[in-house]
Amino acid sequence: MYLPEIEKKWQKKWADTGLYKFDKHSDKPKKYVLEMFSYPSGAKLHVGHWYNFGLADTYARYLRMKGYNVFHPMGFDAFGLPAENYAIKTGIHPKDSTVANITTMEEQLKAMGASFDWDYEVKTCMPDYYKWTQWCFLQLYKKGLAYRSAAPVNWCPNCNTVLANEQVVDGECERCHTVVTKKHLTQWFFKITDYAEELLSDLDTLDWPEKTKLMQKNWIGKSTGSEITFQTVGGGEFSVFTTRADTLHGCSYVVISPEHPMVDQLTTPAQKEAVEAYKEYAAKASEIDRLSTSREKTGVFTGSYAINPINGREVPIWAADYVLASYGTGVVMAVPAHDERDFAFATKYELPIERVVAKKHEDQDDSLPFCEYEGVLVNSGQFDGLTVTEGKEAITKHLSTLGKGDFKTTYRLRDWLISRQRYWGAPIPIIHCPHCGDVPVPERDLPVELPYDVDFTPDGTSPLAKHQGFMNTKCPVCGADATRDPDTMDTFVCSSWYFLRYPDNQNSEMAWDPAIINSLLPVDKYVGGAEHACMHLLYSRFFTKAFRDMGYLNFDEPFRSLVHQGTILGPDGEKMSKSKGNVVSPDAYIEKFGSDAFRMYLGFGFAYIEGGPWNDGGIKSVAKYLDRVERLTDRIYEATEDNKSADAKEVTYILHKTIKAVDEDLATFSFNTAIARMMELTNALYKYTDNAFDIDFAKDCIRTLLKLMAPFAPHFTEELWERIGGDYSIFNQDFPVYEEKLLVKDEITYPLQVNGKVKARFAVPSDFTKEQIEAYVRTEYAADFEGMDIVKLIVVPGRIVNVVVKPAK
RNA sequence: GCGGAUAUGGCGGAAUUGGCAGACGCGCCAGACUUAGGAUCUGGUACUUCGGUGUGCAGGUUCGACCCCUGUUAUCCGCACCA
């Protein structure tokens with residue numbers, strides 16, 4: 001069968017008959033199967049797309065045949081930097097290149113033969129989509145979850161432009177490799193930190209890869225400790241966050257982040273020059289310096305002193321950039337005896353190092369810095385003798401009674417900076433009025449359309465800021481001349497809610513109808529790359545929770561179950577890249593072997609979640625297997641000599657074993673083993689049909705095999721199904737069901753181990769009890785155990801028998 | 001540095017979760033059918049001195065370990081001074 005030809009025929013028929021149209025009114029149970037939508041930056045689908053979409057489609061088709069009403073949409077994450085960078089390089093407008101790429105990719109996705117229902121497609125760069133992205137922004141704004149604030153952004157001094165975090169590679173601009181610096185700009189943020197606790201605790205409810213959950217957990221970074229207030233000698237006060245309140249007596253100085261707003265007031269005139277110089281030094285510190293773990297700690301004395309609230313001692317306040325302004329309070333109490341960083345700093349600047357925790361056990365190494373939790377407090381007045389854990393609690397409680405401290409939980413998670421000084425994105429629907437301040441665009445005025453005729457050459461400002469027609473508007477509140485926000489939203493905003501739009505994508509009245517969305521979501525199976533663990537997957541969870549709290553959704557989590565496909569590498573085992581010249585393009589293979597063979601090889605040649613290096617031989621082997629199935633089908637359907645008494649016991653057993661295995665393997669994305677089982681069945685059927693066979697029975701077997709294969713090779717099986725006279729379509733057939741009783745063999749062959757080594761094999765009726773098997777072994781092998789004592793005889797029913805012997809005395 | 005994962009024939013990968021290691025396939029070898037074979041079919045294929053030995057390495061638990069425990073090495077991924 002020449003697959004490329006056959007595939008076109010069936011794709012047409014599937015489209016003509018609307019086979020994959022989603023039935024909103026079906027009374028079958030629903031399954032929402034979703035792949036992370038495509039990013040149309042390149043013009044063509046690559047192997048990774050096929051691996052993701054092709055096998056997720058296999059899963060969707062399987063569920064469909066299992067009797068579910070499967071919702072399986074596809075769309076495009078169409079805004080973003082690559083299109084804009086491409087435009088800067090070539091002069092082709094991002095909209096034009098994106099629309100062209102989408103058209104090509106749609107054709108390719110259709111040529112793949114996936115069961116998407118294109119009626120539900122979304123494209124995030126279209127006004128009828130980003131209108132609602134802007135609406136989402138406004139709801140978050142109304143709810144107090146969007147705010148504007150000054151923040152440092154990545155700045156490339158060579159390109160003279162702002163870079164997204166993703167564009168900063170190892171501290172350098174990804175395009176010109178200039179070292180990236182920081183620049184302060186006023187930016188919009190989403191208050192994802194409000195949901196830190198729930199984003200963390202709900203991870204436990206998700207059927208997600210443990211690694212991904214752990215990454216999110218670490219990213220959120222919950223830390224429980226204490227917040228302690230210090231007075232300054234000059235009369236001011238500030239707080240520090242610590243997880244080691246027990247070591248407070250050992251605090252011999254305090255360190256403030258050089259970017260902290262209090263630095264200036266803490267700096268004494270004598271130290272002003274030194275502190276200013278240090279602030280400048282810290283601001284200039286490049287990303288590369290910050291990335292270096294071995295970077296030597298630096299700092300400067302502010303000239304001021306603070307009072308340690310536990311013992312009234314005056315300690316110097318230093319500014320140092322090893323303290324981050326954005327975590328905790330931006331100030332830390334330094335306990336050099338019990339913290340490695342403080343120890344290094346104190347050693348360098350000759351600050352006092354005083355032990356307040358001693359070892360608990362004799363065999364502990366208690367050299368400084370002593371950072372272990374197994375310890376007891378010393379030099380801590382009334383708290384001496386307490387353990388570290390007891391000390392934390394007792395000291396914090398004591399401070400609390402003095403009004404100088406309390407228990408405190410902090411998170412590493414930062415608010416989400418969504419402003420981009422870029423053109424190709426959804427405009428932020430805010431108007432800046434000289435009288436009214438930031439004014440949200442009224443919902444009736446949405447969308448704020450992205451103009452086409454924009455000069456997006458990078459010059460350090462937002463491209464939209466140069467477009468007078470876009471920028472100049474009237475304040476919706478007071479009517480005065482006002483300007484629009486010139487920034488666009490991070491594309492991750494667009495992708496944080498697309499799964500909510502799919503099922504109701506035509507709705508022009510609202511972003512989604514809660515009745516529809518609440519019945520189809522959450523997504524039952526989400527399939528996509530692991531690289532989104534702490535971005536898209538976290539942002540989408542945040543959106544879901546925020547919109548739930550606003551009453552637009554009634555579920556807590558967007559993606560119940562998540563699978564990450566592995567990465568297909570080049571034949572050399574390296575990640576595919578143009579510069580390495582190891583990119584495998586699907587096109588030539590599709591043309592030669594067909595999309596079914598290509599998809600099936602992707603399923604067969606790899607463990608799905610692992611991926612691995614591409615191998616040319618593998619695809620030939622799958623193509624060969626498909627031919628083999630075709631010949632087998634023809635052999636059986638063209639047979640004339642019927643033999644009802646042919647022994648079908650073995651084939652029947654294999655048939656049902658295969659149904660069971662393929663069913664279970666498909667449910668768990670174990671495509672490679674599912675295909676292996678089908679190959680075994682095929683081999684068994686070849687053997688069975690070598691001589692005259694029971695034709696009706698063999699036809700039954702073939703129909704079952706084709707149905708099992710259908711999710712993997714949709715065109716191929718549809719064609720054979722038609723050839724053998726099956727009703728259209730094979731995808732309207734039920735997935736085969738195995739019979740438990742046919743999985744039981746009459747006899748079971750047991751390996752007989754002696755002292756753990758297999759020495760023999762014997763067969764007994766499968767209903768033999770443990771005792772009967774033991775008795776059988778003892779009598780049957782009595783002669784072999786002559787002169788031996790049987791110490792132990794272990795029978796594992798259905799598995800193995802192990803006899804432990806030793807020479808008789 | 002911290003956290004996580006992985007390690008099985010020449011290769012991709014299996015192993016019912018503590019019970020016959022190497023399923024299935026690629027590759028290779030031999031044979032059959034062929035004018036021909038890069039088609040198809042059949043058989044073989046971990047190593048071996050044929051007694052055994054084998055799941056990165058060294059120990060341990062167990063009647064029994066790829067699987068559990070301790071230590072160790074290599075590779076990959078994530079985080080990056082988070083107080």
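Just so it is clear, the model here is predicted, and its values are computed rather than measured. Order of the sequence lines fixes the chain letters, A, B, ..., with proteins taken first and strands second; residue numbering starts at 1 for each chain.
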Participant: Please tabulate the protein-to-nucleotide N/O contacts below 3.5 Å involving nucleotides 37-41 of chain B, giving atom names and distances.
Facilitator:
| from | atom 1 | to | atom 2 | distance (Å) |
| --- | --- | --- | --- | --- |
| B/U40 | O3' | A/Arg631 | NH2 | 3.2 |
| B/C41 | OP1 | A/Arg628 | NH1 | 2.7 |
| B/C41 | OP1 | A/Arg631 | NH2 | 3.4 |

Participant: Below 3.5 Å is the cut-off: list the nitrogen or oxygen pairs between protein and nucleotides 53-55 of chain B, distance only.
Facilitator:
none

Participant: Within the 4.0 Å heavy-atom criterion, would you say A/Gly611 contacts the bases, only the backbone, or no part of the nucleic acid?
Facilitator: sugar-phosphate
Participant: Between A/Phe241 and A/Asn755, which has a closest nucleotide on RNA chain B that is more 5'?
Facilitator: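 Nearer the 5' end of the strand: A/Asn755.
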Participant: Return the 5'-most residue of the pair A/Cys534, A/Asn672 with respect to RNA chain B, ranking by each residue's nearest nucleotide.
Facilitator: A/Asn672
Participant: Whole angstrom is fine here: how far is it from OH in A/Tyr601 over to C1' in B/G13?
Facilitator: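 Going from A/Tyr601 (OH) to B/G13 (C1'), I get 11 Å.
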Participant: Report the nucleotide, chosen from B/C24, B/A83, B/C26, that has the shortest atom-to-atom distance to any side-chain atom of A/Arg677.
Facilitator: B/C24
Participant: Which residue pairs pass the salt bridge (Lys or Arg N to Asp or Glu O under 4.0 Å) test when at least one of the two sits in residues 653-662 of chain A, sequence neighbours left out?
Facilitator: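 Salt bridge (Lys or Arg N to Asp or Glu O under 4.0 Å) check on residues 653-662 of chain A returns A/Lys660-A/Glu664.
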Participant: Residues from residues 208-220 of chain A sitting under 4.0 Å of RNA chain B, heavy atoms only?
Facilitator: A/Lys211, A/Leu214, A/Met215, A/Asn218, A/Trp219
Participant: Write out a two-atom table: protein N or O, nucleotide N or O from nucleotides 17-20 of chain B, distance below 3.5 Å.
Facilitator:
| from | atom 1 | to | atom 2 | distance (Å) |
| --- | --- | --- | --- | --- |
| B/C20 | O2 | A/Arg761 | NH1 | 2.5 |
| B/C20 | O2 | A/Arg761 | NH2 | 2.7 |
| B/C20 | N3 | A/Arg761 | NH1 | 3.0 |

Participant: Ignoring backbone atoms, establish whether A/Tyr327 has a side-chain N or O less than 4.0 Å from OP1 or OP2 of B/A83.
Facilitator: yes
Participant: Among residues two or more places apart or on two chains, list those pairs meeting salt bridge (Lys or Arg N to Asp or Glu O under 4.0 Å) that have a residue in residues 616-628 of chain A.
Facilitator: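 Applying salt bridge (Lys or Arg N to Asp or Glu O under 4.0 Å) to every pair that reaches into residues 616-628 of chain A, excluding sequence neighbours, yields nothing.
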Participant: Using the C1' atoms only, state how far B/A39 lies from B/U34, rounded to an integer number of Å.
Facilitator: 10 Å
Participant: Specify the separation, in whole Å, of atom CD1 of A/Ile395 and atom P of B/A83.
Facilitator: 18 Å
Participant: Hey, are A/Tyr411 and A/Thr193 close enough side-chain-wise for a donor-acceptor pair under 3.5 Å?
Facilitator: no
Participant: Should the pair A/Arg244 and A/Tyr373 be classed as cation-pi, given the thresholds of under 6.0 Å to the six-membered ring centre and 45° from the axis?
Facilitator: yes
Participant: Listed in order of residue number, which residues of residues 603-610 of chain A have a non-hydrogen atom at under 4.0 Å from RNA chain B?
Facilitator: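 The answer is A/Phe604, A/Gly605, A/Ala607.
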Participant: Where does RNA chain B pair, written as one dot-bracket string 5' to 3', with Watson-Crick or G-U pairs under 3.5 Å, ( ) inside the strand, [ ] for crossing pairs and | for another strand?
Facilitator: (((((((..(((......[....)))((((((.......))))))((....))..(((((..]....))))))))))))....
Participant: Say we look at B/G3 and B/C66: how far apart would their C1' atoms be, to the nearest angstrom?
Facilitator: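 Pairwise C1' distance, B/G3 against B/C66, rounds to 25 Å.
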Participant: Please identify which of these residues, A/Phe606, A/Tyr589, A/Phe712, A/Phe593, meets the ring-ring contact (aromatic ring centres under 6.0 Å, His included) condition with A/Tyr601.
Facilitator: A/Phe606
Participant: Not counting sequence neighbours, list each pair that qualifies as a salt bridge (Lys or Arg N to Asp or Glu O under 4.0 Å) and has a residue in residues 212-223 of chain A.
Facilitator: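 Every pair satisfying salt bridge (Lys or Arg N to Asp or Glu O under 4.0 Å) with a residue in residues 212-223 of chain A: A/Glu197-A/Lys222, A/Glu210-A/Lys213.
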Participant: Can you pull out every salt bridge (Lys or Arg N to Asp or Glu O under 4.0 Å) where at least one residue sits in residues 671-680 of chain A? Sequence neighbours excluded, please.
Facilitator: A/Arg677-A/Glu680
Participant: Let me check something: any side-chain donor-acceptor pairs from residues 791-802 of chain A under 3.5 Å, sequence neighbours excluded? List them with distances.
Facilitator:
| from | atom 1 | to | atom 2 | distance (Å) |
| --- | --- | --- | --- | --- |
| A/Asn802 | OD1 | A/Gly756 | N | 3.1 |

Participant: Grab the CG-C1' distance between A/Asp665 and B/A15 for me, whole Å please.
Facilitator: 12 Å
Participant: Kindly confirm or rule out a cation-pi arrangement of A/Lys745 over A/Tyr653, judged by NZ or CZ under 6.0 Å from the six-membered ring centre and within 45° of its axis?
Facilitator: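 Yes, A/Lys745 sits over the ring of A/Tyr653.
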Participant: Among residues at least two apart in sequence or on other chains, which ones pass side-chain hydrogen bond (donor to acceptor under 3.5 Å, both in side chains) with A/Lys404?
Facilitator: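 With sequence neighbours excluded, A/Lys404 shows a side-chain hydrogen bond (donor to acceptor under 3.5 Å, both in side chains) to no residue whatsoever.
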Participant: Do A/Thr633 and A/Glu630 pair up side chain to side chain, a donor and an acceptor below 3.5 Å, judged on atom types alone?
Facilitator: no
